[in-house]
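Counting starts at 1 for both ligands and their atoms, in listed order. What you are looking at is a predicted structure, and each value in this text was computed from that prediction instead of being measured. The chain is numbered in sequence order, starting from 1.
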Amino acid sequence: MAINYQERIPNNVDLGNDRRLQRALEHWQPRFLDWWRELGPEGFQTSDVYLRTATSVDAKGWATFGAVKMPDYRWGIFLADQEKDRTIGFGDDFGKPVWQQVPGEYRSILRRLIVTQGDTEPASVEQQRLLGQTCPSLFDLRNLFQVNVEEGRHLWAMVYLLHAYFGRDGREEAEDLLMRHSGSEDNPRILGTFNEPIDEWLSFFMFTYFTDRDGKYQLKCLAESSFDPLARTCQFMLTEEAHHMYVGETGISRIIKRTLALMTELKTDDPETLRKAGVIDLPTLQRYINFWFSSCMDLFGAEVSSNAAITFANGIKGRPDERSYEDHVARDTMLEIETPDGIGGIRMEEVAVRSAINDQVRKAYIRDCMVGVTRWNRMIAKAGFDFEIRLPSPRFRRAIGAWAGIPTTPAGDVISAEELSRRHDEFLPSEEDRRFIHSLMQQVIEPGKMAGWIAAPDRGINNMPVDYEYVELRG
Ligand code: BYC
């Protein structure tokens, strides 16, 4: 069956005139749809959802709102507009023209990065697939589906690059992106966080706050790439990513708001009393932050990484907002990073800036994570309670890098393995915490109504009222 590409796959890559690419995508698209049906959101596939669809990259077209059934969503392919005479912004070839094709010597390294990025997108959809059954409101249900279809689009974005620039290897990798599955024993997703279950909404909001923000920072690094089609693809993905982090930040804010209201009403901060009243006590929220933040720390790779040094030197992957750094070449410069001293303390170690790129990106990410935390702490202080939410130390619960396997408290103090296991439930969600959070998850789908553990949002989507029927359940 012939597909009208302009209609079916909105794009700005002149898809209609590229036969080879069309054939490759024709082959891949039905597999994607099968995957979506099997491992995408469970239920609601025939419901009309008030979704934003990108139909072009300009201000008018990138956010077109309307009622769409998810399987009919138009997963488009968009690259930000080409910057004329763009030059390489960092590394050994600083100032030379960027590449419109993949240089042969960087083929496998670029493919690896694109595959790793691409792998996270369907992974997150798989992780979130059952959440519709327990949504706290129609507004949240719609936001979940918006995030899911856009992660699907981000998969298309990476698959486009694989098909258009990496020949047969790229086509095989595109197939494999649909074969690995989140949490699978035999064929899991590539990065650790993307194999963690997200089967309740507290974790969904944590994921969209912390993990989507990792996405923002990794995309910012790739948006600096000398491989221009990758840079332009990631630039456009970043515009959509902002909504995902908004979902996370406002979700956590609304949970805190509701808890504070009950704390004020009942004049208590006692977790048991608050749990009985059906809200999430702040220490539990903190333990979920400890879990998700530490999981995301690993997504930046090792503190000292030869992979990162090579991709920086070769202009393949830069630092977020590379222009804000003074030295874009960093050939012989050094900086200090914290490493374990082997006897329970911290030692400062001098390493080449290029080898410590992952750590620099991680630090920029942590500063960004703090913005929401500061806002939440202001809410708590304003309500008159003495509790401070803290981001754990980047040393806490690491599985990758210099601190991998070294037991520490969330504050980053090295402790014995025995103490860590004894204090596990103080630092991280316990079985009982998880049971409690699960017990709160009851589906609420009456327009405008909210589950008891979360406050209503301040405003709706695209100027629509909060009680708008964002997901039409008849049909
Ligand atoms: N789990 O030299 P190293 C997003 C591997 S999220 C398991 O330290 P490098 C999104 C690593 O692959 C953003 N393995 O690290 C969010 C390497 O393996 P190989 C995703 C891990 O290469 C929400 C080895 O350890 N974007 O978009 O400098 C929803 C040594 O690595 C992990 C990207 O990932 C881990 N956590 O940096 C939807 C960008 N960490 O090759 C979407 C593309 C490291 O030796 N990827 N390893 O077998 C990259 O830039 C890099 O691959 C990484 C690692 C930053 C991930």
Is a salt bridge present between [X] and [Y], judged by a nitrogen-to-oxygen distance below 4.0 Å?
X      : Y      : answer
Glu172 : Arg168 : yes
Asp92  : Arg331 : yes
Asp34  : Arg31  : no
Arg362 : Glu303 : yes
Asp212 : Lys216 : no

Looking only at distance, does [X] have an N or O less than 3.5 Å from an N or O of ligand 1?
X      : value
Asp212 : no
Asn307 : yes
Gln117 : yes
Gly192 : yes

Of Gly401, Ser295, Ser305, the one whose closest heavy atom lies nearest atom 2 (O) of ligand 1 is Ser305
Name the option, out of Gly301, Cys234, Cys221, Gly118, that contains the heavy atom nearest to atom 15 (O) of ligand 1.
Gly301
To check your reading of the model: name the closest protein heavy atom to [atom], its residue, and the distance in Å.
atom                    : value
atom 51 (C) of ligand 1 : Leu113 CD2, 4.0 Å
atom 35 (C) of ligand 1 : Leu191 CD2, 3.6 Å
atom 4 (C) of ligand 1  : Gly215 CA, 3.4 Å
atom 53 (C) of ligand 1 : Leu299 O, 4.2 Å
atom 16 (C) of ligand 1 : Thr211 O, 3.3 Å

Between Val115, Asp119, Ile114, which is the residue that forms a side-chain contact (heavy atoms from CB on, under 4.5 Å) with Met158?
Ile114
Below 4.0 angstrom, counting only protein heavy atoms, does anything approach [atom]?
atom                    : result
atom 39 (C) of ligand 1 : yes
atom 13 (C) of ligand 1 : yes
atom 48 (O) of ligand 1 : no

Can you name the one residue among Tyr217, Tyr365, Phe293 that meets ring-ring contact (aromatic ring centres under 6.0 Å, His included) with Phe300?
Tyr365
Can you list the atoms of ligand 1 that are under 4.0 Å from a heavy atom of [X]?
X      : value
Ala302 : 3 (P), 8 (O)
Lys317 : 49 (C), 50 (O), 55 (C)
Ala308 : 28 (O)
Gln218 : 13 (C), 26 (N), 33 (C), 39 (C), 50 (O), 55 (C)
Asp214 : 6 (S), 13 (C)
Glu151 : 29 (C), 38 (C)
Thr116 : 34 (O), 46 (N), 52 (O)
Asp298 : 32 (C), 35 (C), 36 (N), 40 (N)

Geometric cation-pi criterion Arg319 and Tyr325, 6.0 Å radius, 45° cone
yes
Between Phe291 and Arg434, is there a cation-pi geometry (under 6.0 Å to ring centre, at most 45° from the normal)?
yes
Which one holds for [X] and ligand 1: side chain close, backbone close, both close, or neither close, with close meaning a heavy atom under 4.0 Å?
X      : value
Ile400 : side chain
Ser124 : side chain
Phe194 : side chain
Asn358 : side chain
Arg112 : side chain

Strictly under 6.0 Å, is that where the ring centroids of [X] and [Y] end up?
X      : Y      : value
Phe145 : Tyr73  : no
Trp292 : Tyr209 : no
Trp62  : Phe78  : no

Verdict with reasoning, Val57 to Leu79, per side chain to side chain contact (heavy atoms under 4.5 Å, CB included)
CA-CA 7 Å; Val57 292; Leu79 278 63; over 6 Å; no
Contact check, [X] vs ligand 1, heavy-atom distance below 4.0 Å:
X      : answer
His244 : no
Ile190 : yes
Phe207 : yes

For Met179, I'd like to know if atom CE has over 12 heavy atoms of other residues, nucleotides or ligands within 6.0 Å.
no
Residues Asp58 and Ser56: side-chain donor-acceptor under 3.5 angstrom:
yes
Assess the residue pair Glu200 and Tyr288 against the criterion (side chain to side chain contact (heavy atoms under 4.5 Å, CB included)); give the C-alpha distance rounded to whole Å, side-chain angles, the decisive distance to 0.1 Å, and a yes or no.
CA-CA 12 Å; Glu200 31 69 20; Tyr288 275 77; 3.7 Å; yes
Start with the C-alpha gap between Trp201 and Thr134, add the side-chain angles, then the distance that decides, and say whether side chain to side chain contact (heavy atoms under 4.5 Å, CB included) holds.
CA-CA 8 Å; Trp201 284 73; Thr134 56; 3.3 Å; yes
